[in-house]
Asker: 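Quick one: this structure, given as structure tokens, is what I'll be asking you about.
Atoms within a ligand are numbered from 1 in the order they appear, just like the ligands themselves.
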Amino acid sequence: MQILDGNLVSKATRDELKIKVAQLVAEGRKVPHLAAILVGSNGASETYVGSKVKTCEEIGYKSTLIRLEETISEFKLLTAIEELNNDPDIDGILVQLPLPKHISDEKVINAIDASKDVDGFHPVSVGKMVQGLPTFIPATPHGVMLMLEHYKIDTKGKNAVVIGRSNIVGRPMSILLSANTQPGNCTVTICHSHTKNLKEICKEADILVAALGRPEFVTADMVKEGAVVIDVGITRVEDTTKKKGFSLKGDVKYDEVAPLCSYITPVPGGVGPMTIAALMKNTFRACQDKN
Ligand code: NAD
């Protein structure tokens, strides 16, 4: 069994970008500028946005963090997005999800200029991805593909099972794995909360992606010997032994599943760092399109 080390692959990707940014600076060209909007003060969202801003600094990108009150109106949020759309220095815009209940995710995502949609959630980006055209790919599934590529995992003709069908992880993951690319070319089954015989379906998977957000849901009896297991799940579980009062759990019962696998991602240190690396790649691309 080999661990798919997200920290290592993410660092390699970030180092590559750092070199490219240094080149842009040397040539007197524009460096990428990412704007992040954080509404309210959800603990996990604070952490995610904080790491994104920190990673921008590390690579040499400019970043702007806009903090808005939990109670802000949808109209004011849409206005803030419009200002960023119209700012020529801003290359990428992300609005950290989840948003408060009184704000429509859909309206917010649609308001972002598609050429700055570094999260890849805008319908234009999704449509292009489905058609296999160059575009921004949602960061988490993009990160998984980068990891499969880095470890030269042969995916062609393999049975891939994705648990979860959200617009940000499961659905785009299933599209990318089925695309006529390497990695890709899998025969994909997408499972969700209404899937029958989930255990039997998972057991057929050469590549199993767990993205449902249920800690330790995937157990050894669901996994085929030699499978590649990608654990996307991150759930904060109360843990009084930890200073923060919680620990992070994946969707896979790691200790019993890992010995069965050919490759597996740990949590933390697997898909999480790859998500940030993929976002940084998207931001570079957004800037490159203008440079
Ligand atoms: P979501 O709640 O939007 O979607 C969960 C999906 O799982 C749904 O499609 C649902 O149908 C399916 N599901 C739920 N229970 C199921 C069950 N018992 N059997 C089969 N399917 C079931 O969640 P999401 O936004 O896609 O995130 C999924 C997980 O991935 C969460 O733990 C989230 O924190 C994590 N996540 C991690 C990263 C990262 O960078 N590592 C990024 C995004 C999300």
Side-chain angles (χ1 to χ4, degrees), residues 3-7 9-10 13-14 36 42-52 54-55 94-99 101 105-106 109 118-121 126 136-148 160-177 188-205 208-219 221-223 229-238 246-254 264-282:
I3 289 175
L4 298 172
D5 186 342
N7 286 325
V9 185
S10 170
T13 309
R14 290 179 343 248
N42 171 295
S45 294
E46 288 268 0
T47 309
Y48 296 143
V49 169
S51 333
K52 289 167 188 175
K54 206 172 127 218
T55 309
L94 74 84
V95 179
Q96 187 65 42
L97 301 177
L99 288 167
K101 290 216 164 23
D105 287 6
E106 193 191 340
I109 289 167
V118 287
D119 259 338
F121 299 157
V126 177
F136 301 113
I137 308 285
T140 302
H142 188 193
V144 171
M145 298 303 277
L146 291 172
M147 183 127 76
L148 294 172
V161 172
V162 179
I163 318 176
R165 61 176 165 188
S166 72
N167 287 339
I168 64 168
V169 190
R171 176 101 37 209
M173 189 76 256
S174 70
I175 290 162
L176 296 173
L177 286 170
V188 181
T189 306
I190 182 159
C191 301
H192 45 76
S193 44
H194 297 282
T195 298
K196 296 202 169 81
N197 306 323
L198 183 71
K199 192 182 282 190
E200 288 72 19
I201 295 169
C202 291
K203 193 97 190 161
E204 292 295 310
L208 178 62
V209 182
L212 68 161
R214 302 271 162 109
E216 302 190 323
F217 180 89
V218 175
T219 45
D221 57 343
M222 296 168 77
V223 178
V229 173
I230 308 289
D231 189 352
V232 179
I234 308 179
T235 307
R236 290 182 170 200
V237 177
E238 194 185 314
F246 65 85
S247 52
L248 295 178
K249 289 268 178 233
D251 286 346
V252 175
K253 204 161 193 182
Y254 186 88
I264 187 166
T265 60
V267 176
V271 175
M274 289 311 301
T275 296
I276 297 201
L279 172 72
M280 294 298 134
K281 270 183 97 88
N282 279 350

Asker: Counting heavy atoms only, which part of T140 comes closer than 4.0 Å to ligand 1: side chain, backbone, both or neither?
Answerer: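 For T140, the contact with ligand 1 is made by the side chain alone.
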Asker: On a heavy-atom basis, I'd like to know which of T235, L212, V144 is closest to atom 7 (O) of ligand 1.
Answerer: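 Going through T235, L212, V144 one by one, L212 has the nearest heavy atom to atom 7 (O) of ligand 1.
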Asker: Only heavy atoms of G164, strictly under 4.0 Å: list the atoms of ligand 1 that pass.
Answerer: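 Answer, ordered by atom number: 6 (C), 7 (O), 9 (O), 12 (C).
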Asker: If we ignore hydrogens and angles and just use 3.5 Å, is the side chain of N197 paired with the main-chain N or O of E200 as donor and acceptor?
Answerer: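 Side chain of N197 to backbone of E200: no pair is present.
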Asker: To which of G250, G272, G213 does the heavy atom nearest atom 29 (C) of ligand 1 belong?
Answerer: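 Nearest heavy atom to atom 29 (C) of ligand 1 lies in G213.
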Asker: Give a yes or no on whether the backbone of I137 and the side-chain of N282 come within a donor-acceptor separation of less than 3.5 Å.
Answerer: yes
Asker: Would you confirm whether T265, through its side chain, and G270, through its main-chain N or O, come within 3.5 Å as a donor-acceptor pair?
Answerer: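 Not confirmed, T265 side chain does not pair with G270 backbone.
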Asker: For ligand 1, which atoms have a heavy atom of I168 less than 4.0 angstrom away?
Answerer: 25 (O)
Asker: Output the list of atoms in ligand 1 that are nearer than 4.0 Å to some heavy atom of H192, sorted by atom number.
Answerer: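 Per the distance check, 11 (O), 19 (N), 20 (C), 21 (N), 22 (C).
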Asker: With a cut-off of 4.0 Å, which atoms of ligand 1 are near a heavy atom of F217?
Answerer: 18 (N), 19 (N)
Asker: Specify the protein heavy atom at minimum distance from atom 24 (P) of ligand 1: its residue, its atom name, and the distance to 0.1 Å.
Answerer: S166 OG, 3.7 Å
Asker: With backbone taken as N, CA, C and O and side chain as the heavy atoms from C-beta onward, which portion of H194 lies under 4.0 Å from ligand 1: side chain, backbone, both, or neither?
Answerer: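 Neither part.
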Asker: Tell me whether ligand 1 is touched by Y48 - counting only heavy atoms on the residue side and a distance under 4.0 Å.
Answerer: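 False for this residue.
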Asker: Using the side-chain contact (heavy atoms from CB on, under 4.5 Å) rule, pick out the option among L198, V223, V229 that qualifies with V218.
Answerer: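 Considering L198, V223, V229, a side-chain contact (heavy atoms from CB on, under 4.5 Å) with V218 is found only for V223.
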Asker: Would you check if the side chain of S174 reaches a backbone N or O of R171 as a donor-acceptor pair within less than 3.5 Å?
Answerer: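 Flag set: sc S174 to bb R171 pair under 3.5 Å.
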Asker: Does the protein place a non-hydrogen atom closer than 4.0 angstrom to atom 2 (O) of ligand 1?
Answerer: no
Asker: Which atoms of ligand 1 sit under 4.0 Å from any heavy atom of V169?
Answerer: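 Those atoms are 26 (O), 43 (C), 44 (C).
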Asker: Pick one of side chain, backbone, both or neither for how V232 approaches ligand 1, counting any non-hydrogen atom pair under 4.0 Å.
Answerer: both
Asker: Report yes if some N/O of I234 lies less than 3.5 Å from some N/O of ligand 1; otherwise report no.
Answerer: yes
Asker: Which atoms from ligand 1 have a heavy atom of T275 less than 4.0 Å away?
Answerer: 39 (C), 40 (O)
Asker: In terms of residue, atom name and distance, what is the protein heavy atom nearest to atom 22 (C) of ligand 1?
Answerer: S193 N, 3.6 Å
Asker: So, D251 side chain and L212 main chain: donor-acceptor pair closer than 3.5 Å or not?
Answerer: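 It does hold such a pair.
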Asker: How long is the straight-line distance from CE of M274 back to CE of M147, given to the nearest 0.5 Å?
Answerer: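 The CE atom of M147 sits 6.0 Å away from the CE atom of M274.
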Asker: State the CD1-OG1 distance between I276 and T55, to the nearest 0.5 angstrom.
Answerer: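 That separation rounds to 4.5 Å.
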Asker: Among all protein heavy atoms in this structure, tell me which lies nearest to atom 9 (O) of ligand 1, with the distance rounded to 0.1 Å.
Answerer: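 Of the protein heavy atoms, R165 N, 2.9 Å lies nearest.
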Asker: Suppose I only count heavy atoms of I163 and a 4.0 Å limit; which atoms of ligand 1 are within that range?
Answerer: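 Reading through ligand 1 atom by atom, the close ones are 20 (C), 21 (N).
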Asker: Do other residues, nucleotides or ligands put more than 12 heavy atoms under 6.0 Å from E238 CD?
Answerer: no
Asker: Can you tell me how far CD1 of I201 sits from CD1 of I163, rounded to the nearest 0.5 angstrom?
Answerer: 9.5 Å
Asker: State the CZ-CG distance between F121 and N167, to the nearest 0.5 angstrom.
Answerer: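 Rounded to the nearest 0.5 Å, the CZ-CG separation comes out at 8.5 Å.
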